[in-house]
Amino acid sequence: MAQDNNTWSGRFSEPVAELVKRYTASVDFDRRLAPYDIKGSLAHAEMLAACGIISPDDLADIRRGLAQIESEIASGDFEWSLDLEDVHLNIEKRLTHLVGDAGKRLHTGRSRNDQVATDVRLYLRAAMDDLLSLIRALQSAILDLAEKHTHTIMPGFTHLQVAQPISFAHHLMAYHEMMSRDAERLRDARRRVNRLPLGSAALAGTSYPIDRRMVADLLGFEGLCENSLDAVSDRDFAIEFTSAAALIMTHLSRFSEELILWMSPMVGFIDIADRFCTGSSIMPQKKNPDVPELVRGKTGRIHGHLVSLLTLMKGQPLAYNKDNQEDKEPLFDTVDTLTQTLRIYADMIAGIRVKPDAMRRAALQGYATATDLADYLVKKGLPFRDAHEAVALAVRHAEQKGCDLSGIGLSELREFSSLIEEDVYGVLTLEGSLASRNHIGGTAPEQVAAAIARARRT
Ligand code: ARG
């Protein structure tokens, strides 16, 4: 612990209690904002100098000092002090130690309230850009796998009961579609993250002749936060991001649930590469899908972080309150968890071994083409409800015989409807069923291939 925090000692008659110091300090976790804090300080100092609020010599000193601090932090030589509460005061104190009065002038026209809001936005903007490229990488792993399986037939499910045949590629592309919306949500939220709070000072703005647009331009912000009270107090941008993250995890959790199910020996549709699984300490035969299980599990904590942030905000009067210091840990953990999850997921998808025979067997077992038979009868003039009933009876018959619908002979089939003719077997095959759903969004191989091609282009 280097120095005592005498930043506001003039006003107080006794030092802060040790326990309180520990309770209120954030430096243990907000130090990760240091690179953004330095960027923000540099832009602020440039502006102060350009507006004649500090001298060119002060600016030169501040630049030199912050450059040294940046390299001390990067090399691990920086001495963080709990007494200095947070990342902002740690850096400012060190700057003053290094360059003297210029360091003390840096905080002119600024408060930690607009400073921290700026830091968090800069941090989050960079994190969102990284996450967007990770989503893109996962999407391309999905496309690579889907491309090979437009003709691989599996049962599609509703209520986890065999419903209709689909291609494995079509199933995978559903997740690709979800990820596209996930990315869209992040890009949209990014526009609202990317606004500059600096200049709002503590809450009401500042009496110095500042140039906020200059600071925004230097930091790459698209615009300014246009009300100083709002700028220092609201964290809705972080909540929006966490909400988008919670949805991404929800999608990945659903995907994981399916991978786990598909890998169960009872289903056996896929195998996940060994490097994503673990064995059991007692049961020698086990190969457990730990990674998808953990993704499903970690989804819970991201949902929790969303609720934490919403609850953190809900009772706060304007403007800044110390409550907001609690935004960081949930936000950081959301970014970290999502980053690791997306990174590992793309690799896991690339390593999936597909077992088309097992998929096909399952599709054949579940009367997956029953709807096709009903549609066949409708096209021959039978009202759909009557067709539905006729096919239900045929399925019952097949069940008793222990065969698939296509295993029932023509004369037997005609007992359920005299409209049935020889051409019925064309629609009773899995391939015929897929090929007939030939429209945008349908499972026909031609359509799915086109969807993959469209996805590749965007
Ligand atoms: N560590 C604080 C936070 O994370 C910085 C802002 C402190 N402002 C204040 N008025 N105490 O929110």
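Numbering of ligands and ligand atoms starts at 1, following listing order.
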For this session: Show your working on side chain to side chain donor-acceptor pair (under 3.5 Å) between E293 and N288 and close with a plain yes or no.
Result: CA-CA 9 Å; E293 288 173 280; N288 299 328; 5.9 Å; no
Exercise. Which bit of E85 is near ligand 1, meaning a heavy atom under 4.0 Å away: side chain, backbone, both or neither?
Worked result: neither
Exercise. Going by the order shown, which atoms of ligand 1 are within less than 4.0 Å of some heavy atom of S26?
Worked result: 1 (N)
For this session: Looking only at protein heavy atoms, identify the closest one to atom 8 (N) of ligand 1 and say how far it is in Å.
Result: N113 OD1, 2.9 Å
For this session: Considering the heavy atoms of K328, write down every atom of ligand 1 situated less than 4.0 Å from one of them.
Result: 3 (C), 4 (O), 12 (O)
Exercise. CZ of R254: more than 12 outside heavy atoms within 6.0 angstrom?
Worked result: no
Problem set entry | Pi-cation contact, F237 with R121 (under 6.0 Å, within 45°) | yes
Problem set entry | Which residue and heavy atom of the protein sit nearest atom 2 (C) of ligand 1, plus the separation | Q325 OE1, 3.3 Å
Problem set entry | Pair Y175-E258, side-chain donor/acceptor within less than 3.5 Å | yes
Problem set entry | Test of proximity, Y320 against ligand 1: N or O pairs below 3.5 Å | yes
Exercise. Can you find an N or O of D86 that's nearer than 3.5 Å to an N or O of ligand 1?
Worked result: yes
Seminar exercise, completed: the protein heavy atom lying closest to atom 11 (N) of ligand 1 turns out to be R112 NH2, 3.4 Å
For this session: Tell me whether the centres of the aromatic rings in F168 and F269 are closer together than 6.0 Å.
Result: no
Exercise. Is atom CZ of R64 surrounded by more than 12 heavy atoms (other residues, nucleotides or ligands) closer than 6.0 Å?
Worked result: yes
